[in-house]
Amino acid sequence: AACRMPTNVDNFFPNSRAGCGKVWGWDCAKDLRRRTHRPSWGQVMRLSFTVYGQPVPLARARVVRSKRGKTHAYTPERSEKYKDDVRWAARTALAVKFSDSSWPKDKLYRLTLRLFFGDNRKRDISNVQKAIEDALNQVVWNDDCQIVEVHARKWIRHRRPYTEVLIEVVDVEMEAA
């Protein structure tokens, strides 16, 4: 039996279980890359990838003082490693799907995040979102100020935590119609 896929943006985040009995995900449905939320408007340029491992919120920069009295700021290693993992997954997806460098970096974007956490601790998904946005600067877009729409949702999944990222190029003419 095939997965039942959502056909519009209202149903984009269904329950965590789909018709096939597996956890619903972009890898579960073969035709999601071909579907669009607006089939009459043509194909939407999109990029999707998965970052395996626990989603890590962006931590604030730490400021330390040396023995000589000078101060310097650094980002905690855990946050930097997660940002590197996001960059690697995005570059890999870009190389596979857009091998001719046809992905535009100067457009407006819609970002969709599905965060699957491995434990039940309280986490702020907006900080994870910010880490992903910052990691994708100069990789997918020039600056994260080009994002005009964000959808994010988190699930608690005790085995194999991961993050699914979907980026769509927003056509200004389509949005105005």
Side-chain angles (χ1 to χ4, degrees), residues 9 12-13 16 23-30 32-37 43-64 72-119 121-172:
V9 75
F12 190 73
F13 289 119
S16 62
V23 173
W24 185 83
W26 290 321
D27 55 343
C28 182
K30 295 177 183 174
L32 179 65
R33 288 180 184 90
R34 284 180 251 132
R35 291 199 179 197
T36 175
H37 298 306
Q43 186 66 28
V44 174
M45 190 175 236
R46 61 176 65 185
L47 175 70
S48 63
F49 57 91
T50 302
V51 182
Y52 295 98
Q54 185 76 16
V56 178
L58 183 65
R60 293 183 185 201
R62 306 280 194 256
V63 178
V64 295
H72 72 278
Y74 70 95
T75 304
E77 184 177 333
R78 189 167 168 237
S79 292
E80 283 299 320
K81 183 188 178 317
Y82 183 69
K83 287 167 63 172
D84 289 342
D85 292 345
V86 170
R87 281 186 206 105
W88 180 84
R91 284 187 181 119
T92 303
L94 281 169
V96 168
K97 191 164 182 183
F98 299 97
S99 59
D100 60 349
S101 302
S102 62
W103 180 261
K105 284 188 175 182
D106 58 346
K107 300 286 185 179
L108 300 178
Y109 302 95
R110 177 182 300 117
L111 176 65
T112 305
L113 301 174
R114 299 180 66 199
L115 308 167
F116 293 87
F117 290 95
D119 54 19
R121 293 185 294 167
K122 289 184 179 179
R123 287 189 181 84
D124 187 2
I125 62 174
S126 64
N127 288 334
V128 177
Q129 171 191 328
K130 185 62 180 163
I132 292 169
E133 290 174 357
D134 287 349
L136 296 178
N137 283 343
Q138 302 303 320
V139 176
V140 175
W141 45 67
N142 291 325
D143 190 53
D144 54 357
C145 69
Q146 294 170 261
I147 301 170
V148 295
E149 186 176 342
V150 176
H151 301 276
R153 182 159 179 194
K154 72 177 177 178
W155 282 272
I156 306 302
R157 180 181 174 170
H158 295 285
R159 298 181 319 229
R160 296 177 301 171
Y162 61 94
T163 303
E164 292 178 343
V165 179
L166 172 66
I167 301 164
E168 296 172 301
V169 175
V170 176
D171 191 351
V172 178

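Since the structure is predicted, the reported quantities are computational estimates derived from the model, not experimental observations.
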Exercise for the section: Could you pull out the closest heavy-atom pair between Trp88 and Thr92, with the gap in Å? Expected result: O-OG1, 2.8 Å
Problem - Gln129 CD to Leu58 CG distance, which is reported to the nearest 0.5 Å - result: 11.0 Å
Problem - NZ on Lys130 to CG on Asn127, rounded to 0.5 Å - result: 10.0 Å
Exercise for the section: Report yes if the side chains of Trp155 and Arg114 come closer than 4.5 Å at any heavy-atom pair, otherwise no. Expected result: yes
Exercise for the section: Spell out, as yes or no, whether a donor-acceptor pair under 3.5 Å connects the side chain of Gln54 to the backbone of Gly118. Expected result: yes
Fill in the blank from the handout: All heavy atoms of Thr50 vs all of Ala89, minimum pair found to be O-CB, 3.8 Å
Exercise for the section: Could you tell me whether the side chain of Val165 reaches within less than 4.5 Å of the side chain of Thr112, counting heavy atoms only? Expected result: no
Practice task
Can you measure from CG (Asp119) to CD1 (Ile156) and round to the nearest 0.5 angstrom?
Solution key: 7.0 Å
Handout entry: Contact check, side chains of Asp144 and Leu136, non-hydrogen atoms, under 4.5 Å
Key = no
Completion exercise
What one should report as the nearest heavy-atom pair of Ser79 and Pro57 is OG-O, 3.4 Å
Handout entry: Residue pair Arg46 / Glu168, side-chain heavy-atom distance below 4.5 Å
Key = yes
Practice task
Using atom types as modelled and distance alone, determine if a side-chain donor or acceptor of Arg87 lies under 3.5 Å from a backbone N or O of Ala135.
Solution key: yes
Practice task
Inspect the surroundings of NZ in Lys107 and state if more than 12 heavy atoms from other residues, nucleotides or ligands are less than 6.0 Å away.
Solution key: no
Handout entry: Considering all heavy atoms, the nearest Arg123-Phe117 contact
Key = CD-CE2, 3.0 Å
Handout entry: Heavy atoms of other groups near Lys105 NZ, more than 12 under 6.0 Å
Key = yes
Exercise for the section: In sequence, state the C-alpha distance, the side-chain angles, and the governing distance for Lys81 and Asp84, and then conclude on salt bridge (Lys or Arg N to Asp or Glu O under 4.0 Å). Expected result: CA-CA 5 Å; Lys81 183 188 178 317; Asp84 289 342; over 6 Å; no
Fill in the blank from the handout: Separation between CD (Gln146) and CG (Leu111), nearest 0.5 Å, reads 12.5 Å
Problem - Interatomic distance, Asp106 atom CG to Asp143 atom CG [nearest 0.5 angstrom] - result: 13.0 Å
Exercise for the section: Test side chain to side chain contact (heavy atoms under 4.5 Å, CB included) on Ile167 and Phe49 and set out the steps. Expected result: CA-CA 9 Å; Ile167 301 164; Phe49 57 91; 4.1 Å; yes
Exercise for the section: Quick one: closest heavy-atom pair of Thr163 and Tyr82, and the distance? Expected result: OG1-OH, 3.1 Å
Exercise for the section: Take the angle between the ring planes of Tyr162 and Phe116 and call it parallel below 30°, perpendicular above 60°, tilted in between. Expected result: parallel
Problem - Other residues, nucleotides, ligands: >12 heavy atoms within 6.0 Å of Glu77 CD - result: no
Practice task
Would you mind reporting whether Trp141 and Leu108 have side-chain heavy atoms less than 4.5 Å apart?
Solution key: no
Handout entry: Student check: side-chain heavy atoms of Trp103 and Met45 closer than 4.5 Å
Key = yes
Handout entry: Closest heavy-atom pair and its distance - Leu94, Val139
Key = CD1-O, 3.5 Å
Handout entry: Flag side-chain contact, heavy atom, 4.5 Å: Ile132 against Leu113
Key = yes
